[in-house]
Amino acid sequence: MKIHKQMNNLEIAELLHDVAAAYKIKNEAKNRFRIIAYERAGDAVEHLSSEAKDLWDESEGELEKVAGIGESIATHLSEIFKTGKSKHFESIFKDINPAVFEFLKVPGIGPKNAYKLSEAFKIKSSKNAINKLQKLAKKGKIRNLEHFGEDSEKSILQSIKEFKNKSDVRMLLSRAEVIASEIILWLKENKFVKNADVLGSLRRKASTVGDIDIAVATNEPEEVLNHFTKYPNKSRILEKGPHTASIIIPGNIQVDLMVQEPESYGSLLQHFTGSKHHNIALREIALKKGLSLSEYGIKKNKKLVKTPTEEKFYKFLGMKYIPPELREDMGEIEAARQNKLPRLVELKDVKADLQIHSNFDIETSHDVGDNSMEEIIKKANELNYEYLAFTEHNPSQKGHNGKQIISILKRKKDKIDQLNTDMKSNKHNGVKKVFNSLEIDILPNGDLPISDDALGYLDFALVSIHSSFRLSKQRMTDRVLKALNHKTVKIFAHPTGRKLNEREGVELNWPKIFEFCLKNNKLIEINAEPSRLDLPDFLVKEAIDRGLKLTLGTDAHNVEGMNNMRYGVSVARRGWAKKGDIVNTRSLFEFEKLLNK
DNA sequence: GCCGTTTTCGGCCCGACTGTTTTCAGTCG
């Protein structure tokens with residue numbers, strides 16, 4: 001771990017975890033809770049919604065305000081941001097080879113074993129450390145060490161192999177859902193399976209998912225675990241005990257199964273849905289009430305109270321049921337105790353899709369949709385929508401002059417006017433109106449590629465960034481504000497421009513953007529496309545806290561894509577959005593009123 | 001090392017599985 005002035009949150013988190021590991025290696029009893037403190041501080045930094053360095057730049061005291069960071073760690077981080085060094089951390093790392101922290105990256109190798117391996121084989125430098133270890137394992141050298149054996153050597157070898165194959169990418173939520181539902185189907189073929197549900201970040205609907213965790217309620221755990229480990233599409237069994245089993249499936253994806261009797265199923269669901277931080281906070285509260293929580297239930301006076309449902313579990317703790325999407329230790333526990341949890345928006349509340357690309361020939365330079373406007377309206381009817389917006393990309397600037405662009409937009413307006421006329425005569429249609437919109441590029445200088453005259457043909461427009469993603473925060477913010485400042489422009493679509501596992505979002509001064517939107521009646525999109533999910537959940541929460549209104553759009557380029565709305569709803573829910581915070585839950589009448597504001 | 005609606009001192013979440021030893025340490029979530 002290289003300590004330097006511009007460390008980002010991930011690097012700082014790794015540093016703090018390394019400090020915790022170093023204290024573990026030193027093996028002094030007095031460090032027990034210091035280790036926990038460093039691990040919690042590391043987690044806290046990792047999950048921070050803004051860079052720790054930015055907080056520190058703002059004011060030195062900001063760091064200490066972060067829960068989990070106290071006076072001591074704040075001082076050390078401050079020293080790092082100031083000088084690029086930390087005397088204290090350097091002295092902690094002094095007697096430990098850098099290779100140790102390299103070994104730690106291999107799952108299954110913890111601090112103690114990493115240290116033993118580094119010392120035993122005199123592997124000091126982090127460079128090539130894992131390769132050297134792999135060679136020694138292959139030669140059968142590890143099994144001869146004290147406290148190691150043939151099996152642990154094999155498992156180290158396997159872990160290194162998988163570590164090297166593993167990319168850093170986490171599965172998209174949509175992919176994880178498909179995989180999990182196939183496994184749940186397999187589980188339900190076993191007659192002893194009474195219930196099966198997903199757990200973990202998948203159940204909390206995080207935008208990306210690491211492992212897939214599944215819960216089963218049964219009175220025959222052994223039968224169910226045996227059935228699970230016979231899953232036809234598995235690569236190998238990772239572990240198997242009386243309560244849990246883990247398998248690896250192709251793509252190096254780990255699937256864990258947790259099994260519990262039906263009477264305790266609620267506590268099992270609660271425990272493994274997490275998040276870790278939600279559960280820790282919950283257990284600390286329970287402890288103060290003389291209760292102890294686990295996946296088996298709630299222990300009171302050494303007696304176990306079993307909870308078949310999560311509702312009962314939370315009720316026993318004196319709080320309302322907390323929807324999984326909120327369980328991130330972001331204030332939901334306090335809200336649940338005071339009966340102040342928001343009533344979250346649901347998929348059935350959505351009355352429109354506000355970003356759809358049809359195959360209407362608009363002569364754009366970007367990707368065109370696959371389906372006709374008529375096919376899209378038919379699909380929207382199936383989804384019980386009341387209205388929708390056609391938001392093809394703007395006509396390409398290259399090869400079109402202003403006049404030609406206007407003529408294209410006029411042609412599109414005529415088409416949409418005709419569709420709306422036709423719909424009026426068809427009383428059976430759920431969709432009452434389609435809006436003439438456009439997704440317009442924000443050029444690097446904040447200009448739009450079409451004139452204000454051309455904008456006049458639209459009911460409203462979306463703007464979004466499709467190029468020059470790496471401008472400074474200041475320039476990017478100015479760029480966006482300039483684009484939003486047109487009267488017809490109503491929605492800032494996929495605002496960060498991020499593509500999960502592909503590229504980071506742009507840097508924007510969010511408070512400034514949010515304030516502008518609030519003041520000028522601009523809306524911010526939650527893009528439901530599974531690889532975008534943009535605005536991200538934590539920014540949704542910030543926007544809503546400021547009173548901003550948001551839209552949901554699938555960005556669908558074909559009718560199947562319109563089914564992705566539920567992922568957008570998940571993001572909204574993770575951001576604490578109520579029905580009233582999302583404008584396309586409103587009736588057509590109310591939506592039009594809002595447009596004309 | 002952090003933290004406070006029982007505390008500025010004295011607590012700190014809870015349990016599973018594996019492998020190496022024979023009662024437990026290490027690792028993980």
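Everything quoted here is computed from the prediction, not taken from an experiment. Chain letters run A, B, ... following the sequence lines, proteins first and then strands; every chain starts at 1.
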Does [N] have OP1 or OP2 under 4.0 Å away from a side-chain N or O of [X]?
X	N	answer
A/Tyr38	B/dC2	no
A/His147	B/dA25	no
A/Lys276	B/dG29	no
A/Ser292	B/dC14	yes
A/Lys299	B/dG15	yes
A/Asn113	B/dT27	yes
A/Thr244	B/dA16	no
A/Ser152	B/dT20	yes

Q: For the pair A/Phe93 and A/Phe101, name the ring-plane relationship: parallel under 30°, tilted 30 to 60°, perpendicular over 60°.
A: perpendicular
Q) Counting side-chain heavy atoms from C-beta on, which of B/dG1, B/dC17, B/dG15 comes nearest to A/Glu239? A) B/dC17
(Q) Of the options B/dG26, B/dT27, B/dT20, whose atoms approach the side-chain atoms of A/Lys116 most closely? (A) B/dG26
Q. With sugar-phosphate meaning primed atoms plus P, OP1 and OP2, does A/His277 contact a base, only sugar-phosphate, or nothing at under 4.0 Å between heavy atoms?
A. nothing
Between the side chains of [X] and [Y], is a donor N or O closer than 3.5 angstrom to an acceptor N or O?
X	Y	answer
A/Asn131	A/Lys164	yes
A/Asn97	A/Lys122	no
A/Asp43	A/His17	yes

**Q.** Salt bridge A/Glu328-A/Arg574, side-chain N to carboxylate O under 4.0 Å
**A.** yes
Q: Determine the Euclidean distance between corresponding C1' atoms of B/dG10 and B/dC17; express it in Å to zero decimal places.
A: 33 Å
**Q.** Residue whose closest nucleotide on DNA chain B lies nearer the 5' end, A/Glu71 versus A/Lys240
**A.** A/Glu71
Q | Residue whose nearest DNA chain B nucleotide is more 5′ - A/Gly149 or A/Lys30 | A | A/Lys30
